[in-house]
Structures are given as C-alpha cells and as structure tokens.
Amino acid sequence: ELVDEIQAELVRVAPTTCRDTSIIVTEKLLQDFDEYMQVVNRIQDTIDDLDLVGILQLATFHPLYHFGGTDVTDAENWTNRSPFPCF
C-alpha cells in the first residue's frame, strides 16, 4: 500500500543527520484531490506517531491542489500544483 511505502521512506530518512529529500510521485493513483488529502492526513498522522514532527516536513503537490478558503481557480493554488500527485 502507498501509505506503507511512504512510512518506510519516512523511517529511512529520519534518523540520519544529513538532509535527505525524497519525492514520491503517484502517476495513476490519487487523481481525486479529496482522496489525496485523506492520504496526506494519514501520512501526517504517521509523522506524528513516529515522533518526527520538527524533523521531517511533508510537502504536498497535486494537479488539482487548492487551499481551504480559496476558489479552485485562485492563483495562489498554483504554488502546490504539479503534473501528478506528489509527496
């Protein structure tokens, strides 16, 4: 499952003193933005559960990204848009 793979990556990069960056792209999964955000929340919960808050930062990008309180067409949403869903 995708969340399991992401959790394994969190564990892989967390204990090191170097500043690794990982990107996970899901070309065919999570095209629906609401489903994507559900996975984002699960990943953030995993970061919390592993006591990695302040150590790891989750960045999120999606083709249909829109911030709460904005209209889907607002320009500020483009900062987190990407061709495919990414973490």
Side-chain angles (χ1 to χ4, degrees):
E1 178 177 299
L2 176 64
V3 174
D4 293 333
E5 291 181 31
I6 293 171
Q7 181 176 351
E9 185 64 11
L10 295 173
V11 171
R12 184 190 73 79
V13 299
T16 63
T17 57
C18 65
R19 300 290 178 231
D20 286 348
T21 298
S22 294
I23 185 165
I24 297 172
V25 179
T26 61
E27 181 180 359
K28 296 182 181 180
L29 300 174
L30 303 173
Q31 294 300 313
D32 179 83
F33 184 68
D34 291 330
E35 288 178 17
Y36 171 80
M37 289 307 296
Q38 289 175 10
V39 171
V40 166
N41 290 332
R42 288 180 60 195
I43 295 167
Q44 192 59 57
D45 288 345
T46 299
I47 291 171
D48 295 344
D49 293 344
L50 295 172
D51 293 324
L52 297 175
V53 175
I55 297 169
L56 296 181
Q57 178 183 9
L58 177 63
T60 57
F61 303 92
H62 191 278
L64 302 174
Y65 205 100
H66 67 272
F67 293 102
T70 66
D71 187 70
V72 173
T73 60
D74 288 347
E76 61 259 36
N77 294 312
W78 287 94
T79 62
N80 286 62
R81 292 207 176 149
S82 61
F84 302 106
C86 304
F87 304 94

*Asks:* Hey, does Leu64 have a side-chain heavy atom less than 4.5 Å from the side chain of Val72?
*Replies:*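 With C-beta onward as the side chain, the pair stays apart.
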
*Asks:* Using side-chain heavy atoms (C-beta onward) and a distance below 4.5 Å, is Thr46 in contact with Ile6?
*Replies:*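 They are not in side-chain contact.
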
*Asks:* Where the side chain of Asp74 meets the backbone of Glu76, is there a donor-acceptor pair that is under 3.5 Å apart?
*Replies:* no

*Asks:* According to a 4.5 Å side-chain heavy-atom criterion applied to Ile, Leu, Val, Met, Phe, Trp and Tyr, with indirect links allowed, do Val3 and Leu52 form part of one hydrophobic cluster?
*Replies:* yes

*Asks:* How many angstroms lie between NE2 in His62 and OG in Ser82, if you round to the nearest 0.5 Å?
*Replies:* 7.5 Å

*Asks:* Return the set of residues passing ring pair (Phe, Tyr, Trp, His ring centres under 6.0 Å) with Phe67 (not counting sequence neighbours), or none when no residue passes.
*Replies:*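 Ring pair (Phe, Tyr, Trp, His ring centres under 6.0 Å) list for Phe67, sorted by chain: Tyr65.
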
*Asks:* Taking atom CG of Leu2 and atom CG of Leu30, what is their separation to the nearest 0.5 Å?
*Replies:* 6.0 Å

*Asks:* Only counting residues at least two apart or in another chain, list the ones meeting side-chain hydrogen bond (donor to acceptor under 3.5 Å, both in side chains) with Thr26.
*Replies:*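 Partners of Thr26 by the side-chain hydrogen bond (donor to acceptor under 3.5 Å, both in side chains) criterion come out as none, since no residue qualifies.
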
*Asks:* Tell me whether Gln57 at atom CD has more than 12 heavy atoms from other residues, nucleotides or ligands lying less than 6.0 Å away.
*Replies:* no

*Asks:* To check you understand the geometry: which heavy-atom pair defines the closest contact between Pro63 and Pro83, and what is its length?
*Replies:*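 Looking at all heavy atoms of both residues, the shortest contact is CG-O, 3.4 Å.
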
*Asks:* First locate atom CD1 of Ile43, then atom CD of Glu9, and finally report the distance between them rounded to the nearest 0.5 Å.
*Replies:* 11.5 Å

*Asks:* Report the residues that fulfil salt bridge (Lys or Arg N to Asp or Glu O under 4.0 Å) with Arg81, sequence neighbours left out, ordered by chain and then residue number.
*Replies:* none

*Asks:* Applying side chain to side chain contact (heavy atoms under 4.5 Å, CB included), can you list everything that pairs with Gln38, at least two apart in sequence or on another chain?
*Replies:*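 Side chain to side chain contact (heavy atoms under 4.5 Å, CB included) check on Gln38 returns nothing, list empty.
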
*Asks:* Checking Gln31 now: which residues fulfil side chain to side chain contact (heavy atoms under 4.5 Å, CB included) with it, not counting sequence neighbours?
*Replies:* Pro85

*Asks:* Supply the atom-to-atom distance His66 NE2 to Thr73 OG1, rounded to the nearest 0.5 angstrom.
*Replies:*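 So the NE2 of His66 and the OG1 of Thr73 are separated by 11.0 Å.
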
*Asks:* Under the salt bridge (Lys or Arg N to Asp or Glu O under 4.0 Å) test, which residues partner Glu5, sequence neighbours left out?
*Replies:*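 Once residues adjacent in sequence are excluded, Glu5 has no partner under the salt bridge (Lys or Arg N to Asp or Glu O under 4.0 Å) criterion.
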
*Asks:* List in chain and number order the residues that pass side chain to side chain contact (heavy atoms under 4.5 Å, CB included) with Asp48, two or more places apart in sequence or in another chain; answer none if no residue qualifies.
*Replies:*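 Side chain to side chain contact (heavy atoms under 4.5 Å, CB included) list for Asp48, sorted by chain: Gln44, Asp45, Val53.
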
*Asks:* Does Asn77 have any side-chain hydrogen bond (donor to acceptor under 3.5 Å, both in side chains) partners at least two apart in sequence or in another chain, and if so, which?
*Replies:*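 Here the qualifying residues are Thr70.
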
*Asks:* Who are the ring pair (Phe, Tyr, Trp, His ring centres under 6.0 Å) partners of Phe61, not counting sequence neighbours?
*Replies:*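 Applying ring pair (Phe, Tyr, Trp, His ring centres under 6.0 Å) to Phe61 gives none.
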
*Asks:* Just to verify, what does Asp4 make a side chain to side chain contact (heavy atoms under 4.5 Å, CB included) with, not counting sequence neighbours?
*Replies:* Glu1

*Asks:* Applying the 4.5 Å side-chain criterion to the ILVMFWY set and letting contacts propagate, would Ile24 and Ile55 be lumped into a single cluster?
*Replies:*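 Linked within one cluster.
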
*Asks:* Going by the rule side-chain hydrogen bond (donor to acceptor under 3.5 Å, both in side chains), which residues pair with Thr79 if we only count those two or more places apart in sequence or in a different chain?
*Replies:* none

*Asks:* Any donor and acceptor pair, going by atom type alone, linking the side chain of Tyr36 with main-chain N or O of Leu29 inside 3.5 Å?
*Replies:* no

*Asks:* Can you name the residues that form a side-chain hydrogen bond (donor to acceptor under 3.5 Å, both in side chains) with Gln7, not counting sequence neighbours?
*Replies:* none

*Asks:* What's the separation between atom CG in Leu58 and atom CG in Leu10, rounded to the nearest 0.5 Å?
*Replies:*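 Here the interatomic distance stands at 8.0 Å.
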
